[in-house]
Amino acid sequence: MKLNERSLAFYATCDSPADNAGFLYKRGERHTAYHRRWFVLKGNMLFYFEERESREPVGVIVLEGCTVELCDSAEAFAFAIRFGGAKSRTYVLAAESQAAMESWVKSLSRASFDYLRLVVRELEKQLEEMRLGTASGCGGCQGAPSSWKQKPSGLEQSLERLPALPGVLPKENGCAVWNNAPGVEQSPNTCSGGPSGEGNPRPLPLPPRRRASSSEAGSSRAAAGESPSTFCWLHERYGREVAQLRQDWLERQRDHQ
């Protein structure tokens, strides 16, 4: 791929995400004084600008075939980018803090394609080992299928923890009463099948039962204990009152006529 200054300047200032960016002090090649520059790392290219708002970079360092290491310098938090070869230049940079220096050394050390190639090879090796281990494990399972059991999933484990439904559900008015099962919420009523085995249409829901008060409960218990003769006496008494009221009403109708 052919590059020129315009394409490099566009790549350095475009909106593509940077791997690292910040101010560093760069030591000059001829003059050993340090100058504060704005550095931007994109891929394996380290651009540096005079100011953060500059539109074009002052220079670029291609991070291939180099090593990043700490160095002794008059400036604190200094590190160097060294290239192999007798006439290769060494770039000495200094950060503004210990944390910034560690961040830059880490990101610069991982920027080259050589490092990425090593990472890819290591991942491929681990993937191949996993495949071999899976294949050998499955081979051992095939030899003894009865002794191998699959681990239950999370859904199966949660279903196992649910309370078991009763074998025969209680029925009320010919319909199964689901709310009598322990730990199960009430669901729509479903009638049991007839003699032919086919299900009947869904019946109307039963009205809610009203809880009797203490007085009603006492009266009901008392009524339950009464004999049939007492019931007949009450029927006779209230029957006479009804007959008397009907007789009075008939007499009033005759008077109006």
Exercise for review: Not counting sequence neighbours, which residues clear salt bridge (Lys or Arg N to Asp or Glu O under 4.0 Å) with R121? List them please.
Suggested key: none
Practice item. Would you please name every residue forming a ring-ring contact (aromatic ring centres under 6.0 Å, His included) with W104, sequence neighbours left out? Key: none
**Study point:** CZ on R36 to CZ on R52, rounded to 0.5 Å
**Key:** 10.0 Å
Check your understanding: Who are the side chain to side chain donor-acceptor pair (under 3.5 Å) partners of D15, not counting sequence neighbours?
Key -> none
Check your understanding: Mind checking whether F23 and Y48 sit in one hydrophobic cluster, side chains of I, L, V, M, F, W, Y counted as touching below 4.5 Å?
Key -> no
Review point. Under the side chain to side chain donor-acceptor pair (under 3.5 Å) test, which residues partner T32, sequence neighbours left out?
Key: none
Review point. Is there a chain of hydrophobic side chains (I, L, V, M, F, W, Y, each step under 4.5 Å between heavy atoms) that links I81 to M45?
Key: no
Review point. With a 4.5 Å heavy-atom cut-off, do S73 and Y34 have their side chains touching?
Key: yes
Practice item. Determine yes or no for a side-chain-to-main-chain donor-acceptor pair under 3.5 angstrom, with D19 supplying the side chain and G43 the backbone. Key: yes
Review point. With sequence neighbours excluded, what pairs up with Y25 under the ring-ring contact (aromatic ring centres under 6.0 Å, His included) test?
Key: none
Practice item. Calculate, to the nearest 0.5 Å, the distance between atoms CD and NE2 belonging to E50 and H35 respectively. Key: 10.0 Å
Exercise for review: Say whether, by atom type as modelled, one donor and one acceptor occur between the side chain of S88 and the main chain of G84 under 3.5 angstrom.
Suggested key: yes
Study note, to complete from the structure: In terms of heavy-atom contacts, E75 and A78 come closest through O-CB, 3.6 Å
Check your understanding: From Y91 OH over to L108 CG, what is the distance, rounded to the nearest 0.5 angstrom?
Key -> 13.0 Å
Study note, to complete from the structure: Tightest non-hydrogen contact, residues P17 and K42, listed as O-CG, 4.3 Å
Check your understanding: Rounded to the nearest 0.5 Å, how far does CD of E129 lie from CG of L132?
Key -> 8.0 Å
Check your understanding: When clusters are formed by joining ILVMFWY residues with side-chain heavy atoms under 4.5 Å apart, either directly or through shared neighbours, do M101 and L93 land in the same one?
Key -> yes
**Study point:** For E122, all residues meeting side chain to side chain donor-acceptor pair (under 3.5 Å), sequence neighbours excluded
**Key:** Q126
Exercise for review: Evaluate side chain to side chain contact (heavy atoms under 4.5 Å, CB included) for E124 paired with E128, printing each intermediate quantity in order.
Suggested key: CA-CA 6 Å; E124 290 177 348; E128 187 65 23; over 6 Å; no
Compile the donor-acceptor pairs under 3.5 Å between side chains in residues 109-119 and protein atoms, sequence neighbours left out, one pair per line.
residue, atom, partner, partner atom, Å
S109, OG, V105, O, 2.6
S112, OG, Y115, N, 3.3
D114, OD1, R117, NH1, 2.8

Review point. Can you check whether V68 reaches F79 side chain to side chain, under 4.5 Å on heavy atoms?
Key: yes
Revision key, fill the gap. For residues 82-91, the salt bridge (Lys or Arg N to Asp or Glu O under 4.0 Å) pairs (sequence neighbours left out) are E29-R89, E69-R82
For residues 53-63, tabulate all N or O donor-acceptor pairs below 3.5 Å that involve a side-chain atom, not counting sequence neighbours.
residue, atom, partner, partner atom, Å
S54, OG, E51, N, 3.1
S54, OG, E51, O, 3.1

Check your understanding: In chain order, what residues pass the side-chain contact (heavy atoms from CB on, under 4.5 Å) check against T13, with sequence neighbours excluded?
Key -> F49
**Study point:** Listed partners of F77 passing ring-ring contact (aromatic ring centres under 6.0 Å, His included), at least two apart
**Key:** none
Revision key, fill the gap. Those residues at least two apart in sequence (or on a different chain) that pass side chain to side chain donor-acceptor pair (under 3.5 Å) with K26 are none
Check your understanding: How long is the span from the CG atom in L41 to the CG atom in L24, to the nearest 0.5 Å?
Key -> 10.5 Å
